[in-house]
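This report concerns only the one structure given below.
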Amino acid sequence: MSYKKLRKTWMYQVLDLLSKQKLKHFRYLKQRFYDELVNGFYVYAKKKEKDNDDNNVDDCVNYITRYTSRPPMAENHIIKYEDDKKMIRWWYNRHEDEKYIEVYENAENFINNLILHCPDENFKMVRYYGFYSNRNKKYIRNLKERKKI
């Protein structure tokens, strides 16, 4: 998948959805984004070193399915919970430079930040777009069958 195309497409889709909300002065802001952010919005999508093919559909399908079906945080990222202080120590790898970051914070703040990434019950994370659109179900089924062979 072309990273450049992904960034620009993401920017277009987000701005298009926002422009339908009829927000005041949004046309000015939208134009400013297009003028200043010529590369599009930031998208975190690591390119695999083993495969430089921008049109590898199988990898793209696997990435999207993995991303939308995983919990917001792995349990093994929690290092320690101090019940008496109600504090938690956890870690993550920063996307920009893969640097190991350790965080020590109040358990309530941790939970508040974590549940921001949890969708409401029965909320569809991806709907009617790209690979998940109804018109592509047959295509995805064929890809999965081909992958098994």
Side-chain angles (χ1 to χ4, degrees), residues 1-21 23 26 29-30 32-34 36-134 136-137 139-149:
M1 177 178 255
S2 169
Y3 185 70
K4 190 176 181 180
K5 288 178 190 174
L6 180 64
R7 286 184 66 151
K8 288 186 176 187
T9 303
W10 177 244
M11 180 174 164
Y12 170 79
Q13 293 293 337
V14 169
L15 293 177
D16 187 51
L17 286 171
L18 286 172
S19 66
K20 292 176 183 173
Q21 299 300 313
L23 303 169
F26 184 73
L29 185 61
K30 184 177 177 180
R32 190 169 160 202
F33 279 135
Y34 279 119
E36 294 178 13
L37 302 172
V38 292
N39 294 326
F41 286 164
Y42 173 78
V43 176
Y44 175 69
K46 260 200 243 183
K47 193 167 194 169
K48 293 182 181 179
E49 288 116 23
K50 72 173 180 79
D51 190 14
N52 291 327
D53 182 12
D54 287 341
N55 296 317
N56 191 332
V57 178
D58 290 339
D59 281 349
C60 184
V61 170
N62 288 337
Y63 175 79
I64 291 171
T65 355
R66 183 173 170 258
Y67 181 79
T68 56
S69 63
R70 292 176 67 198
M73 180 179 165
E75 189 177 339
N76 67 355
H77 285 232
I78 298 173
I79 299 168
K80 185 178 184 182
Y81 172 67
E82 298 172 5
D83 194 28
D84 55 331
K85 297 178 186 176
K86 303 293 186 219
M87 297 292 282
I88 190 164
R89 184 178 305 277
W90 60 281
W91 67 272
Y92 69 96
N93 286 329
R94 189 167 48 201
H95 293 311
E96 292 83 12
D97 55 4
E98 290 300 317
K99 183 178 178 184
Y100 175 88
I101 306 292
E102 203 168 285
V103 180
Y104 184 68
E105 68 180 341
N106 179 295
E108 189 174 323
N109 290 341
F110 171 76
I111 292 170
N112 284 334
N113 291 331
L114 190 65
I115 62 175
L116 289 174
H117 299 281
C118 298
D120 294 331
E121 189 175 351
N122 298 320
F123 179 79
K124 304 291 183 213
M125 293 292 287
V126 178
R127 188 174 177 158
Y128 304 123
Y129 292 102
F131 296 112
Y132 289 103
S133 67
N134 289 335
N136 286 327
K137 283 185 180 178
Y139 179 70
I140 293 171
R141 207 173 316 121
N142 289 339
L143 280 177
K144 287 180 181 178
E145 289 172 7
R146 228 185 320 148
K147 192 171 185 173
K148 289 179 185 177
I149 295 174

Tyr12 atom OH, neighbour heavy-atom count above 12 within 6.0 Å: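 Not buried by this count: 12 neighbours or fewer within 6.0 Å.
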Flag if over 12 foreign heavy atoms under 6.0 Å of CZ, Arg94: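 Buried by this count: over 12 neighbours within 6.0 Å.
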Do you know the tightest heavy-atom contact between [X] and [Y]?
{"X": "Asn113", "Y": "Glu105", "answer": "ND2-OE1, 3.9 Å"}
{"X": "Thr9", "Y": "Lys5", "answer": "OG1-O, 2.7 Å"}
{"X": "Glu98", "Y": "Asn93", "answer": "OE1-CB, 3.8 Å"}

Between atom [atom1] of [X] and atom [atom2] of [Y], what is the distance when rounded to the nearest 0.5 Å?
{"X": "Lys85", "Y": "Asn106", "atom1": "NZ", "atom2": "CG", "result": "12.5 Å"}
{"X": "Met87", "Y": "Lys80", "atom1": "CE", "atom2": "NZ", "result": "12.0 Å"}
{"X": "Phe26", "Y": "Leu18", "atom1": "CZ", "atom2": "CG", "result": "4.5 Å"}
{"X": "Trp90", "Y": "Leu114", "atom1": "CH2", "atom2": "CG", "result": "8.5 Å"}
{"X": "Lys30", "Y": "Asp16", "atom1": "NZ", "atom2": "CG", "result": "5.5 Å"}
{"X": "Leu37", "Y": "Lys8", "atom1": "CG", "atom2": "NZ", "result": "11.0 Å"}

Show the atom names and distances, to 0.1 Å, of all donor-acceptor pairs under 3.5 Å that link a side chain in residues 71-78 to residues at least two apart or in another chain.
unit_1	atom_1	unit_2	atom_2	d
His77	ND1	Trp91	O	2.9

Close side-chain approach of Val103 and Phe110, heavy atoms under 4.5 Å: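 Not touching, per the 4.5 Å side-chain cut-off.
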Distance-only polar pair, side chains of Glu102 and Tyr104, donor-acceptor under 3.5 Å: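 Looking only at side-chain atoms, Tyr104 and Glu102 do not form any donor-acceptor pair under 3.5 Å.
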With Asp83 via side chain to side chain donor-acceptor pair (under 3.5 Å) - residues at least two apart: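 Side chain to side chain donor-acceptor pair (under 3.5 Å) check on Asp83 returns Tyr81, Lys86.
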Any donor-acceptor N/O pair, Arg89 side chain to Ile79 backbone, under 3.5 Å: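 Answer holds: no.
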